[in-house]
Amino acid sequence: MFFTGRNVLTLAGIMSVLVALLHVAIVIAGAPGYRFFGAGEELARRAAAGSPLPALLTLGLALLFAVAGLYAFSGAGWLRRLPGLLPVLVIITAIYSLRGLSVFSELAFKIISPPAFPLRYVIFSGVALVIGTLYVAGLKLSWQSLRANAVPPESR
């Protein structure tokens with residue numbers, strides 16, 4: 001059966017790593033990448049001018065997404081148990097889910113003012129919602145085993 005906690009958390013981890021790689025690609029693309037992905041004109045201008053700030057910020061985000069992937073892989077049992085696994089997975093789940101929920105207001109903006117609001121922003125939020133949903137499902141399916149393994153052996 002595909003819908004096991006291990007499989008769903010593995011997929012969530014893969015998606016997080018892909019988002020991390022996308023952020024690395026944005027750094028490589030430079031100013032056009034920052035503009036396309038909605039980082040703001042100020043960061044795009046700084047990138048075009050050779051400032052290291054946009055790259056540092058974006059690589060910092062890439063690192064956070066990669067860590068989110070590692071925690072998902074740890075929760076799935078592919079890696080050793082990382083520190084604070086359960087609470088960190090809950091925080092990652094909340095961040096992705098809250099970011100993804102903006103898809104609904106963005107859809108409204110897109111319907112009200114189609115040319116003023118790029119469809120790609122709706123898609124980005126939709127992807128975040130999908131990833132958040134994977135983390136939610138993975139946590140729900142793995143909750144008991146993740147909690148059971150969180151208790152130190154001497155306390156059991």
Side-chain angles (χ1 to χ4, degrees), residues 1-76 78-79 82 84-143 146:
M1 177 164 155
F2 178 79
F3 292 108
T4 65
R6 180 181 179 121
N7 289 346
V8 177
L9 282 173
T10 299
L11 185 54
I14 290 168
M15 298 287 288
S16 287
V17 169
L18 289 174
V19 171
L21 292 173
L22 174 65
H23 280 76
V24 172
I26 291 169
V27 171
I28 293 168
Y34 290 103
R35 284 187 185 97
F36 181 81
F37 286 98
E41 189 56 33
E42 177 66 22
L43 279 182
R45 273 199 294 265
R46 285 179 181 235
S51 169
L53 181 64
L56 290 173
L57 292 173
T58 307
L59 291 174
L61 287 173
L63 179 62
L64 290 175
F65 287 118
V67 167
L70 290 175
Y71 268 84
F73 295 145
S74 178
W78 294 108
L79 302 175
L82 294 175
L85 180 61
L86 194 52
V88 171
L89 280 174
V90 169
I91 291 167
I92 292 166
T93 301
I95 291 169
Y96 269 121
S97 299
L98 290 172
R99 168 63 178 93
L101 287 174
S102 66
V103 73
F104 299 109
S105 61
E106 291 173 355
L107 272 172
F109 284 125
K110 184 65 182 163
I111 292 168
I112 292 167
S113 182
F117 197 82
L119 178 61
R120 65 184 179 270
Y121 295 167
V122 176
I123 293 169
F124 302 156
S125 294
V127 169
L129 185 59
V130 166
I131 297 171
T133 302
L134 289 171
Y135 275 92
V136 167
L139 270 177
K140 182 175 181 356
L141 292 167
S142 301
W143 189 261
L146 289 172

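Computed from a prediction, not measured in an experiment: that's the story for all the values here.
Under the 3.5 Å distance criterion, the side-chain polar atoms of Tyr34 are left unmatched by any main-chain donor or acceptor of Ala47. With hydrogens and angles ignored, the 3.5 Å screen pairs a side-chain donor or acceptor of Thr10 with a backbone N or O of Arg6. Proximity of a side-chain donor or acceptor of Arg35 to a complementary backbone N or O of Ala44 within less than 3.5 Å is not detected.
Annotation for Leu43 and Ala39: closest pair CD1-O, 3.8 Å, computed over non-hydrogen atoms. In terms of heavy-atom proximity, Ala137 sits nearest to Val8 at CB-CG1, 3.9 Å. Nearest heavy atom pair, residue Ser102 against residue Arg99, reads OG-O, 2.7 Å. Annotation for Val136 and Ser97: closest pair CG2-OG, 3.8 Å, computed over non-hydrogen atoms. Contact between Val27 and Ala55 at its shortest, heavy atoms only, is CG1-CB, 3.8 Å. Taking each heavy atom of Ile92 and Ala68 in turn, the nearest pair found is CD1-CA, 3.6 Å.
If you take CZ on Phe73 and CG on Leu79, they are separated by 7.5 Å, rounding to the nearest 0.5 Å. Note that the OG1 atom of Thr93 and the CG atom of Leu98 stand 10.5 Å from one another [nearest 0.5 Å]. Atom CG of Leu129 sits about 8.5 Å away from atom OG of Ser125, to the nearest 0.5 Å. Taken from CG in Leu9 to CG in Leu139, the straight-line distance is 6.0 Å, to the nearest 0.5 Å. To the nearest 0.5 Å, the span separating CD1 on Ile91 from CG on Leu86 amounts to 10.0 Å. Once rounded to the nearest 0.5 Å, the distance linking CD1 of Ile112 with OG of Ser105 reads 10.0 Å.
Taking the six-membered ring for Trp and thresholds of 30 and 60 degrees, Phe124 and Tyr121 have ring planes inclined between 30 and 60 degrees apart.
Between Phe117 and Val122 the shortest side-chain heavy-atom distance falls below 4.5 Å.
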Atom pairs and distances, donor-acceptor, side-chain atoms in residues 13-24, under 3.5 Å, two or more places apart:
residue	atom	partner	partner atom	Å
Ser16	OG	Ala12	O	3.3
Ser16	OG	Tyr96	OH	2.9
Ser16	OG	Tyr135	OH	2.8
His23	ND1	Val19	O	2.8

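In this structure, Phe36 places its CZ atom where more than 12 heavy-atom neighbours from other residues, nucleotides or ligands lie under 6.0 Å away.
Taking the charged nitrogens against the carboxylate oxygens, Arg46 and Glu42 do have a contact shorter than 4.0 Å, which makes a salt bridge.
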**Request:** Show the numbers, then the answer: is there a side chain to side chain contact (heavy atoms under 4.5 Å, CB included) between Leu82 and Val88?
**Result:** CA-CA 9 Å; Leu82 294 175; Val88 171; over 6 Å; no
